[in-house]
Trainee: 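I have a structure I would like to understand better, so I am pasting it below and will then ask my questions one at a time.
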Amino acid sequence: MGRSGRLTWSEVDRMSGNVAMMLVDHGVRPGDRVACSLYNDVDIGIAFFGVLRAGAVWVGINPQLAPPEKRYILEDCGAVVMISSAGVHAAPTQDGSRVVLLVDDPVGPWSRARTGVRDVTALPDCDPFAVAAIAYTSGTTGQPKGAVHAHRNLVLPVVIGRYLRPEPVPSRMGQCLPLSILNLMILGPLAAAINGATFVAMDRVDADGVVDWVGQEQIDTFIGAAPLIHDLILRDDIEGDDLASVTRAACGGADFPEWYRGAWESKFNTPIEGGYGMTEAPTAVTTETDDSRPLGSCGKASPHVRITIRDDQGDESAVGTTGEVCIEPNPVGPFAHVYTPMLGYWNRPEATASALAGHRYHTGDVGHLDNEGWLYISARRSDLILRGGANVYPAEVERVLADHPQVTACAVIGRPHQRLGQEIVAICQLSELSGTAPDIDDELRALCASNLAKYKVPAEFMVIDDMPRNQMGKISKPALQIWLTETHQQRRGHQGRQQSLA
């Protein structure tokens, strides 16, 4: 169900079959890419199942992306059809090179597909190893890359979830994060369909909107980004009973401080989970079902994968040693050799060869495993700060800063330094209750000094009104680097003017 209406799974089956036949009518053949850019509602679910039933390849595009960003994905994947709406499909992306199907055209083919009945016996059989979807990364390290997945990889995370939690099966699953993100489509509509649950496409991601959706639809499970979870915890006008129907919640993306867990469970009397996953997996590769999870860990390897830590030569590192986190099929257990990594990056042979070297996925993340198999993530390898010859992982500093009651979000990045190579800068977003917080620098410096080695303490603490974030709610460090550079240039310009006036 969504804002525009409610459908039974039988109706979704009929409509998605009609959509598949409509795509065939428009010349779509197995393996063709079909892009979809829609906000959360029933139509995006119908489109997803319809594209897969036609044997085509699903490409979700976040409707909040700017026209040039949408155009890049459309051109990179070579989409032959774009499913969208009049308000989302901006004019700059209408270049005439593909069919555009608008779901809000009352007399268009989409409306006819929703209401008609078609013979779907001519649709192709599903090959579980065929390409089903291309999921574009969030682009935090440059232009987004398309991770290619087969049908079986879309279903496997749902099977694993059911295996880990056989009872009780969620009955009313909600999703407020964008369903245009493949991971969330898998954990939302696809999981609900397989589990026979009701799915609610929530069209608001703010705290008030989520509370309204949960209350009206009695949602029992949902995933939220860190800013939403933060607001639900700290808003005094939101009470524990406002989410009384929720039995399990999860925090997606990054920025999940440990104190969130205790605060959430204290207020809402229900667990909240973090975890570790990625577009290339797809979805989660760790689980937190064990109540003995140590502080700072993001879980143990899910039963279908094996997690290893490897050095720069690709050799497996000893327990407790920090290195690159790699994912590969689990060779033992009930799901032995069932998992396969992504098929590669779309039209990126060199990036594919690097990411899948040794027949395993190299995440680019830095972390370690303890002797019980718990995984700890330190940082993205690209985020590593080299200060005076010492490695500083931003996540270590960020975890300390997140414990300050006035810090609602933080990011630690490196800034060029003539003597040290790089120095550490902490950028923080403060609670609205903080006001100007005149002593915040001293407080944050003291907090870091008491919890970190001296060389890890930031040289400067800066405050920003709003953190730049990508579509998954993760803080965009490239955008912060630009902001930091511009701020530094403005400071130098101001100092230069002061000197000239003197």
Side-chain angles (χ1 to χ4, degrees), residues 28-36 51-52 55-62 65 68-82 95 97-98 127-154 156-157 180-183 186 277-283 285 304-316 323-329 337-366 380-384 470-472 478:
V28 173
R29 298 295 178 261
D32 286 346
R33 277 74 62 203
V34 175
C36 181
V51 169
L52 297 189
V57 178
W58 169 266
V59 182
I61 299 178
N62 192 322
L65 294 181
E69 295 174 305
K70 293 177 183 175
R71 186 185 305 114
Y72 170 82
I73 295 176
L74 288 169
E75 293 175 352
D76 187 71
C77 73
V80 298
V81 171
M82 173 71 157
D95 57 8
S97 62
R98 63 190 58 84
D127 177 359
F129 294 95
V131 176
I134 302 175
Y136 277 81
T137 62
S138 53
T140 56
T141 57
Q143 291 283 26
K145 299 188 294 292
V148 182
H149 289 291
H151 285 267
R152 69 196 309 271
N153 261 19
L154 306 192
L156 185 56
S180 53
I181 299 172
L182 180 64
N183 282 4
I186 292 171
M278 60 216 65
T279 302
E280 291 86 350
T283 78
V285 295
H304 63 305
V305 300
R306 177 174 182 252
I307 296 175
T308 59
I309 307 298
R310 300 191 175 261
D311 60 23
D312 290 340
Q313 288 71 46
D315 296 326
E316 189 169 350
E324 183 180 24
V325 180
C326 294
I327 313 296
E328 58 192 73
H337 303 293
V338 171
Y339 174 72
T340 55
M342 66 169 179
L343 300 178
Y345 290 115
W346 184 258
N347 286 339
R348 301 285 198 285
E350 293 183 0
T352 296
S354 175
L356 299 179
H359 304 289
R360 60 182 60 92
Y361 173 57
H362 295 254
T363 68
D365 292 335
V366 177
R380 287 287 302 177
R381 178 171 289 188
S382 58
D383 290 343
L384 180 66
N470 63 25
Q471 59 183 347
M472 266 297 290

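Reckoned from all heavy atoms, side chains included, excluding hydrogens, waters and symmetry mates.
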Trainee: Rounded to the nearest 0.5 Å, how far apart are OG of Ser180 and CD1 of Ile73?
Mentor: 9.0 Å
Trainee: Please check if the side chain of Arg98 supplies one atom and the backbone of Ala79 the other of a donor-acceptor pair under 3.5 Å.
Mentor: yes
Trainee: Taking the side chain from His362 and the backbone from Ala357, do they hold a donor-acceptor pair closer than 3.5 Å?
Mentor: yes
Trainee: Applying the side-chain contact (heavy atoms from CB on, under 4.5 Å) test to Val148, which of Asn347, Thr352, Leu343 qualifies?
Mentor: Leu343
Trainee: So Ile307 and Ile327, do their side chains get closer than 4.5 Å, heavy atoms only?
Mentor: yes
Trainee: Are Glu316 and Arg360 close enough for a salt bridge, meaning some N to O gap below 4.0 Å?
Mentor: no
Trainee: Taking atom NE2 of His151 and atom CG of Leu52, what is their separation to the nearest 0.5 Å?
Mentor: 5.5 Å
Trainee: Apply the test side chain to side chain contact (heavy atoms under 4.5 Å, CB included) to residues His304 and Val338: give CA-CA distance (whole Å), side-chain angles for both, the deciding distance (0.1 Å), then the verdict.
Mentor: CA-CA 7 Å; His304 63 305; Val338 171; 5.6 Å; no
Trainee: Is it the case that the side chain of Asn62 and the backbone of Ile181 share a donor-acceptor pair, with hydrogens and angles ignored and the cut-off at 3.5 Å?
Mentor: no
Trainee: Taking the side chain from Thr283 and the backbone from Asn183, do they hold a donor-acceptor pair closer than 3.5 Å?
Mentor: no
Trainee: Look up atom SG in Cys326 and atom CD1 in Ile309, then write down how far apart they are to the nearest 0.5 Å.
Mentor: 7.5 Å
Trainee: Using modelled atom types and a 3.5 Å cut-off, is there a donor and acceptor pairing between side-chain atoms of Glu324 and backbone atoms of Gly364?
Mentor: yes
Trainee: Just how far is it from atom CZ of Arg306 to atom OH of Tyr339, taken to the nearest 0.5 Å?
Mentor: 14.0 Å
Trainee: May I have all residue pairs that pass salt bridge (charged side-chain N to carboxylate O under 4.0 Å, His left out) and include part of residues 344-358, sequence neighbours excluded?
Mentor: Asp76-Arg348
Trainee: Working to the nearest 0.5 angstrom, can you tell me the gap between Leu65 CG and Lys70 NZ?
Mentor: 7.0 Å
Trainee: Is there side-chain contact between Leu154 and Leu182, with at least one heavy-atom pair below 4.5 Å?
Mentor: yes
Trainee: Please confirm whether the backbone N or O of Thr279 pairs with a side-chain atom of His149, one donor and one acceptor, at under 3.5 Å?
Mentor: yes
